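As the structure is a prediction and not an experimental result, all values here were calculated from the model. Both counts, for ligands and for their atoms, begin at 1 and track the order of listing. Scope of the values below: all heavy atoms of this structure, side chains included, with no hydrogens, waters or symmetry mates.
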Amino acid sequence: MALFNLIRRNADITVGRVKIQKYSDFTRNLPVPANINLISIKPLRAMLNHATTEVFFDDLRVPAKNLIGEEGKGFRYLLDGLNAERILISAEAIGDARWFIEKASAYAGERRVFDRPIGQNQGIQFPIARAYAATEAADLMVQKAIGLFDQGEACGSEANMAKLLSADASWAAADMCLQTHGGFGFAEEYDVERKFRETRLYQVAPISTNLILSYIAEHVLGLPRSF
Ligand SMILES: Cc1cc2nc3c(=O)[nH]c(=O)nc-3n(C[C@H](O)[C@H](O)[C@H](O)COP(=O)(O)OP(=O)(O)OC[C@H]3O[C@@H](n4cnc5c(N)ncnc54)[C@H](O)[C@@H]3O)c2cc1C
């Protein structure tokens, strides 16, 4: 995904017409060939349904003809792709948060305890309403980052803030949703526990919350670099 974002944003890289090709041809033609034994890929069993792997590169040499763009500018190209990735993940986190809010609202309306729906209690309503407000606020930053990116403008701060706010909103919504479901929040059939595990990822990947705060402190607020 990052590779394709990188290609789309850099006019000095010619990629020609998009074509469909066999997977074996695709891997053979990658800038870093994936079908040679200097790269090893080890599946990593994890708490969520990503096909997660560790990738090891040992003494790998890449042919000069495989260079993308200009020598020495690789990290800059990569950073551009990382902003796109952060914005995409932010939108995903917003989707998760909205799923939790809808799921919690529906359950709070139908589950009856002491002859009334639990959603009639402010103790249940308020966390759902708070999660909704936080999610919509985070989405405003996501939309701002998307707008800047689409216009080719610098969007590092906005992409990072969108990722921070949406990850926090989805995690808070997940916690609220599980609590609203009581014991059934832990039952597989409601999907809440699965999504709860999945949305926790955004506090860590593709960039951890601390590293975003550190970026804002240093690059937006001008504070000394902390590492
Ligand atoms: C399911 C999954 C899928 C992933 N997919 C990809 C992928 O497709 N591509 C890819 O490249 N990576 C991927 N990752 C890796 C992911 O991007 C990293 O795990 C993430 O960026 C955190 O890096 P780390 O694990 O090295 O943590 P570390 O850097 O070891 O950090 C550990 C903890 O210390 C904190 N920390 C570190 N340094 C500082 C500091 N200076 N100040 C304050 N706190 C600090 C971090 O915030 C974190 O909480 C994936 C990870 C997971 C779990």
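For residues 116-144, no residue pair satisfies the ring pair (Phe, Tyr, Trp, His ring centres under 6.0 Å) rule, not counting sequence neighbours.
When each atom of ligand 1 is checked for a heavy atom of V204 under 4.0 Å away, the hits are 20 (C), 21 (O), 22 (C). Every atom of ligand 1 is numbered from 1 in the order shown, and the set under 4.0 Å from a heavy atom of T52 is 1 (C). Per-residue contacts place F227 under 4.0 angstrom from the following atoms of ligand 1 (heavy atoms of the residue considered): 41 (N).
At least one protein heavy atom sits closer than 4.0 Å to atom 53 (C) of ligand 1. Protein heavy atoms all stay at least 4.0 Å away from atom 28 (P) of ligand 1. Protein heavy atoms are absent from the space less than 4.0 angstrom from atom 7 (C) of ligand 1. Within a 4.0 Å radius of atom 32 (C) of ligand 1, the protein contributes no heavy atom. Checking atom 21 (O) of ligand 1 against the protein gives a heavy-atom contact under 4.0 Å. Protein heavy atoms are absent from the space less than 4.0 angstrom from atom 12 (N) of ligand 1. Within 4.0 Å of atom 44 (N) of ligand 1, at least one protein heavy atom is present. For atom 38 (N) of ligand 1, the nearest protein heavy atom is under 4.0 Å away.
In terms of modelled atom types and a separation under 3.5 Å, the side chain of K163 and the main chain of Y202 share a donor-acceptor contact. Looking only at distances, no side-chain donor or acceptor of S170 sits under 3.5 Å from a matching main-chain atom of A97.
In the model, E70 has no side-chain atom that pairs as donor or acceptor with a side-chain atom of Y77 under 3.5 Å. The closest side-chain donor-acceptor pair between Q203 and D168 falls under 3.5 angstrom. Judged purely by distance below 3.5 Å, without hydrogens or angles, the side chains of R197 and N49 never pair a donor atom with an acceptor atom. D175 and Q179 share no donor-acceptor pair across their side chains, judged by distance under 3.5 Å alone.
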Mind listing the side-chain donor-acceptor pairs of residues 210-219 below 3.5 Å, one per line with the distance, residues two or more places apart or on another chain?
{"unit_1": "E218", "atom_1": "OE1", "unit_2": "R225", "atom_2": "NH1", "d": "3.3"}
{"unit_1": "E218", "atom_1": "OE2", "unit_2": "R225", "atom_2": "NH1", "d": "3.4"}

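Residue L201 touches ligand 1 through its side chain alone, judged by heavy-atom distances below 4.0 Å.
Protein heavy atom at the shortest distance from atom 36 (N) of ligand 1 is L211 CD2, 4.0 Å. In terms of protein heavy-atom proximity, atom 35 (C) of ligand 1 is closest to N210 ND2, 4.2 Å.
The heavy atom nearest to atom 48 (C) of ligand 1, out of those in S208, A51, A46, is found in S208. Among S214, A205, S226, the residue whose heavy atom lies closest to atom 16 (C) of ligand 1 is A205.
Between D96 and W171 the shortest side-chain heavy-atom distance does not fall below 4.5 Å.
A continuous path of hydrophobic side-chain contacts links M141 to I207 [ILVMFWY only; heavy atoms under 4.5 Å].
Minimum interatomic distance between E193 and A187 (heavy atoms only, all atoms of both residues): CG-O, 4.1 Å.
For P206, a nitrogen or oxygen atom sits less than 3.5 Å from a nitrogen or oxygen atom of ligand 1, counting backbone and side chain alike.
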